[in-house]
Amino acid sequence: MLEINDLKASIGGTEILRGLSLNVSAGEVHAIMGPNGSGKSTLAQVIAGHADYEVSSGTVTYMGENLLDLEPEERAREGIFLGFQYPVEIPGVNNAYLLKAAVNARRKHEGLAEIDAFEFLKLAKEKMALLDMDPKLLNRGVNEGFSGGEKKRNEILQMAMLEPKLAILDETDSGLDIDALRAVAKGVNALRSADRAIVLVTHYQRLLDYVEPDHVHVLSQGRIARSGDKSLALQLEEKGYDWVREAANG
Amino acid sequence: MKPATLSYDALLASVEKLPDDGLAVTRRAALDHLHKHGLPTTRHEDWKYTDLTKIVDIGNQFLDGQWDQPTSQATGDLVNSIRDSIEADWLVMSNGIIDQESIAGLGQTGISVTRLSEADGEMEFSTPLSDLNAALLYDGLRIHVAADAALTRPIGILLVDDATTSPGMSQTRIEIELAASSTASFIEYHASSGSADHYANSVSNLKLGDNSHADYVRIQERDRSHNQTNRLTVGLGRDSRFNHCAFDFGGRLVRNDLTVDIAHPGATAAFDGLYLAGGQQHIDNHTRADHRVGPGISHQEYRGIMTGHARGVWNGKAIVHDGADGTDAEQANHNLLLSDKAEIDAKPELEIYADDVKCSHGTTVGQLDETALFYLRTRGLNEHEAKQILTRAFAQAIVSKSPIDSIHEMLTTKIAERLSGLMQGVEA
Ligand SMILES: Nc1ncnc2c1ncn2[C@@H]1O[C@H](COP(=O)(O)OP(=O)(O)OP(=O)(O)O)[C@@H](O)[C@H]1O
Ligand SMILES: [Mg+2]
C-alpha cells in the first residue's frame, strides 16, 4: 500500500529524514517508535503533504501512485488520514461542519452523493458514543478549548467517520488517561481490516497492549534503525533507545 | 498645494434653492460654519489616511449640475429587494428625499416619526461634514420612542442613492431619541446603484434616555465606485445600554465616525464592526468613546479582511476623563491581509485621567493561519475552500456579537458571498 524508499527530507535547510525506507501493506499495523526529535512527526507530515518539508530524494508510492505529486487534499481523498500530534484549534469553524465537509469531500471524490444530514448526525453520534465523547463537542469550534484528551479523541472521531485506507496516528496516545487510551484503542481496532493499514507513532508500550502491531520500527536520526515484531517494543521498554543506537553503531 | 474645497458660491446658491421651511435658518448657519472652518485635509491627524479631494470634486460637479435627479427603476428594485430580505418597519430615503409613504405606513405603537422640517429643526453641526450635511439637507427624520415602550420589530432606515446620469451627492440625517426605559432596535442600511460618481453624507444622532436600550446595526453595501461619509453620535443616559455593530461591504472611499458619550453612570456601550474590502476600496472607521463619569463600559471589537489594493483604517479612541472612576474600556482590532498590496492602519488610543479604571487594547494584523490551512486540507478540503472557511470564521466572530439575531443568517450569507467575490481574485 505504502512504499517509502530512501526518503530524504529537510525543513528550513536542515535534513531531518536521511534515507528512510518503509513498506506498509494492507491489513498491517505498524508501530514507529524512536527518541524525541528523531523525525517521526516529520515522516507523518511529509506523507500528509506539508509544503514546508522539502523532499530532496527518494520515492513515496501509495497504492501504486507517486504520492509526492499529490496535494494534501488529494491524498486525504485518496484515503490517507493523519492524526496530528498537536491537533489544530480552529476557532469559529464548527466541529460538525468540518467533519461533514471532510466526509463529503471524500464521498465526492468517490462519485457518491453528499451524506444526508440526518444520516450524518446519526453516524457521528454513534462514533462518539463508541469513543465515549461528549456529544456537545460536535457543536464547538474545531478543537477550540478542547482538553488534550478531547482533542485526541476528536482526531479519532474524524478517522472513524472518514474510514481511511491508511491511517497515521502521531502520538495519539500521548497525554491520555486510561479510559481515553482504551477509547482510542477501540476506535483504532474498529478500523482494522484486511484492506486498511495503520501506522502508530508512539513512545509507549501501553497502546500496543491494546492494539497489537504486526511490525515495530525504531526511527533514529532520520532512518529506520531497527525493525522487528511486537517483542521489539517490549525490549525497547526495558533497555531504552541507547541499546538501539549502540546496536546500530556497533 | 491648496486643499480642494467646495465652492462657496455654488453651496450658497444650492442652499438658497432649498425650501423656505423650518430648516432654513439652520442651513444658513451651518453653511457659515462650514465656510469658516473648511473641510479637513490629510494634515489633520484624524484625516491622515483619508483624503477627501475626490469627494470634494464630486460635490463641486454636483453643485454645478442639476439638483433634482430622478430616481431610476434601479433604486426602486434595490429598495424592494432589501425590504423583502429583512423583517423590519422600513423608513426609506432615496437620494436624500424622504419617502412619505414609508413614514405613514409605520405600524408599531410607541414610536413617532416626523420630518425635521416640521418642527423647529434643531440640528447639531459640530464637524465640517455635519456642517455640510446640515447646510444642504433637504429634510431629515426625527424618531421618538415613547417612555417604557418596547418595540417588537426593528426600525429599518434605508438610505439608497442612485447616480445614473451625472455625479450625485446626497445628505441624510436621522435624529433618534429613546425616552426612559424604552427598548428599540434599528437597522441602518446603505445601498446605491448607478455608474456615475456618487458621494453620500449621512449623519445620525442617537439619544438614549435613562434605563433605555438600543440595538443598532449599520450595513453599508454601496456600489464599489461610490463614496460615503457617515457619522453616528450617541449620548447614553443613566443605566442605558447601546449595542452596535457595523458592517462595511461596499463603497470606494468610506469613512465612518462613531462617537459615544457616557455622561451618566451605569451606561454600557458595545460597538463592533466588520469591514471587507478588495480592489481599490478604502474603508476608514474612527471611533471615540468619552467616559465622563463612572461606572461605565465601552467595549469595541473591529475586524477587517482586505485583499487586492484595499486599504483599511481603524482608529479607536477612548478617553477616560478625570473622575470617571469605575470605567471599563476595551478596544480590539484584528485584521487579515490576503494580498501583499492590501494595507491596514490600525491605531488604538487610550487617554486616561481617572484612577480606578480597567482599560485594555489590542490590535493584530496577519495572514491566514498556515497550520490551520494545512489541517483543513488534510481533511480533504481544497486550498480555496479551506481559505474560505477560515476567513468566514474570522468574520463570523463579529456576526455572533452583533445584536438583532433575526438578521444574523442574512449577514452570514452576505459575508460568504462577499468573501467569495474577494477571494476569486477578480478584484485584484
Ligand atoms: N522548521 C524547522 N527548522 C529546523 N528544524 C526543525 C524544524 N521543524 C522541526 N525541526 C527539527 O526536526 C527534528 C525532527 O522533529 P520531529 O517533530 O519529526 O521529531 P519527532 O520524532 O516527532 O519527536 P517527538 O517524539 O518529540 O514528537 C527535530 O530535531 C526538530 O527540532
Ligand atoms: Mg513528533
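Values in this document were obtained by computation on a predicted structure and should not be read as measured data. Note on naming: letters A, B, ... go to the chains in the order of the sequence lines (proteins, then strands), and numbering restarts at 1 for each one.
- In terms of heavy-atom pairs under 4.5 Å with chain B, the best-connected choice from Q158(A), R106(A), E71(A), R75(A) is Q158(A).
- One distance of note links CD1 of I90(A) with CD1 of I389(B); it measures 8.5 Å at 0.5 Å rounding.
- With a 4.5 angstrom heavy-atom cutoff, Q45(A) touches chain B via backbone and side-chain atoms both.
- When heavy atoms are compared at a cutoff of 4.5 Å, A397(B) does not approach chain A at all.
- Other residues, nucleotides and ligands place no more than 12 heavy atoms under 6.0 Å from the CD atom of E114(A).
- Rounded to the nearest 0.5 Å, atoms CD (E89(A)) and OG1 (T371(B)) are 12.0 Å apart.
- Neither the backbone nor the side chain of V103(A) comes within less than 4.5 Å of any heavy atom in chain B.
- Using a cut-off of 4.0 Å between Lys/Arg side-chain N and Asp/Glu carboxylate O, E155(A) and R379(B) are scored as salt-bridged.
- When every heavy atom of T378(B) is checked against every heavy atom of A76(A), the shortest pair comes out as O-CB, 3.2 Å.
- Ring geometry for F374(B) against H50(A) counts as tilted: the plane angle lies between 30° and 60°, on a 0 to 90° scale.
- Counted within 6.0 Å of NZ on K387(B), heavy atoms from surrounding residues, nucleotides or ligands total 12 or fewer; the atom is thus considered open.
- Contacts between Y86(A) and chain B at a heavy-atom distance below 4.5 Å are absent for every atom of the residue.
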**Item:** Residues Y375(B), L98(A); criterion side chain to side chain contact (heavy atoms under 4.5 Å, CB included); working and verdict
**Value:** CA-CA 11 Å; Y375(B) 186 78; L98(A) 171 59; 4.1 Å; yes
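- Crowding of E409(B) atom CD: a count of heavy atoms from other residues, nucleotides or ligands under 6.0 Å not exceeding 12.
- At a 4.5 Å heavy-atom cutoff, the contact between E385(B) and chain A is made by side-chain atoms alone.
- In plain terms, the two heavy atoms of A105(A) and G380(B) that are nearest each other are CB-O, 3.3 Å.
- With chain B as partner, the option from P72(A), A51(A), P91(A) having the largest number of non-hydrogen pairs under 4.5 angstrom is P72(A).
- Across all their heavy atoms, E383(B) and E73(A) have their closest contact at N-OE2, 3.5 Å.
- Summarising the local packing, CZ of R241(B) is surrounded by 12 or fewer heavy atoms from other residues, nucleotides or ligands at distances under 6.0 Å.
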